[in-house]
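In this text the structure is predicted, and so the values were computed from the model without any measurement. Because only heavy atoms are used, hydrogens play no part in the values below, and waters and symmetry mates are left out as well, while side chains stay in.
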Amino acid sequence: MKPLDPLLTTPLRLGAMSLLIKAKSASFVWLKRELNATQGNLSVQLNKLKEAGYINIEKRFEGSYPLTEVKITQKGVKAFDKHVQNLKAYLHI
């Protein structure tokens, strides 16, 4: 069997990628709320995904408010799809 992606076996990273697969892009605040995560933990986990090239993180201001937007990359989509296929193989689905 093919190995699972170690970056996607952590619940918070897998959850973030699952949400981004559907939404394509999301604010940090929305991800934090949806994943019921702390700001520090989510930040660390998203940076690991960014370092792997699975997501892009863009910081900007909207009006006078800071906005951090997270977008899944094509590499991230492919890695997620491969991870799901490998999970299905383990489960014989």
*Asks:* Under the criterion side-chain contact (heavy atoms from CB on, under 4.5 Å), I'd like the reasoning laid out for N47 against K50: C-alpha separation, chi angles, the key distance, then a yes or no.
*Replies:* CA-CA 5 Å; N47 277 322; K50 179 183 175 188; 4.3 Å; yes
*Asks:* Tell me whether the count of non-hydrogen atoms from other residues, nucleotides or ligands lying under 6.0 Å of OH in Y90 goes above 12.
*Replies:*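 More than 12 within 6.0 Å, yes.
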*Asks:* If you group Ile, Leu, Val, Met, Phe, Trp and Tyr by side-chain heavy-atom gaps below 4.5 Å, do L4 and V84 land in one group?
*Replies:* no
*Asks:* Any side-chain heavy-atom pair from T10 and Q45 closer than 4.5 angstrom?
*Replies:* yes
*Asks:* Work out which heavy atom in A79 is nearest to a heavy atom in D5; give both atom names and the distance.
*Replies:* CB-OD2, 4.0 Å
*Asks:* Under 4.5 Å between any side-chain heavy atoms of I57 and F28, yes or no?
*Replies:*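 No, their side chains stay 4.5 Å or more apart.
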*Asks:* Could you tell me whether the side chain of K48 reaches within less than 4.5 Å of the side chain of V44, counting heavy atoms only?
*Replies:* yes
*Asks:* Work out which heavy atom in I55 is nearest to a heavy atom in M17; give both atom names and the distance.
*Replies:*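 For I55 versus M17, the nearest heavy atoms are CG2-SD, 4.0 Å.
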*Asks:* Rounded to the nearest 0.5 Å, how far does OH of Y54 lie from NE2 of H83?
*Replies:* 9.5 Å
*Asks:* So N56 and V70, do their side chains get closer than 4.5 Å, heavy atoms only?
*Replies:* no
*Asks:* Which atoms form the tightest heavy-atom contact between T73 and G53, and what is the distance?
*Replies:* OG1-O, 2.5 Å
*Asks:* Backbone N or O of Q39 within a donor-acceptor pair of the S43 side chain at under 3.5 Å?
*Replies:* no
*Asks:* When you group the ILVMFWY residues by side-chain heavy-atom contacts below 4.5 Å and let the links chain together, are L35 and L67 in the same group?
*Replies:* no
*Asks:* Could you give the distance from CG (L49) to CD1 (I72), rounded to the nearest 0.5 Å?
*Replies:*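 The distance works out to 8.5 Å.
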*Asks:* Please tell me if the side chains of L14 and F80 come closer than 4.5 Å, counting only heavy atoms from C-beta onward.
*Replies:* yes
*Asks:* Heavy atoms only: give me the nearest L12-A37 pair and the separation to one decimal.
*Replies:*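 Of all heavy-atom pairs spanning L12 and A37, the closest is CD1-CB, 3.8 Å.
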*Asks:* Would you name the heavy atoms of L46 and A16 that are closest together and state the gap between them?
*Replies:*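 Taking every non-hydrogen atom into account, CD2-CB, 4.1 Å.
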*Asks:* Show the numbers, then the answer: is there a side chain to side chain donor-acceptor pair (under 3.5 Å) between S27 and E69?
*Replies:* CA-CA 4 Å; S27 73; E69 186 174 20; over 6 Å; no
*Asks:* Heavy atoms, side chains only, cut-off 4.5 Å: are L7 and R13 in contact?
*Replies:* yes
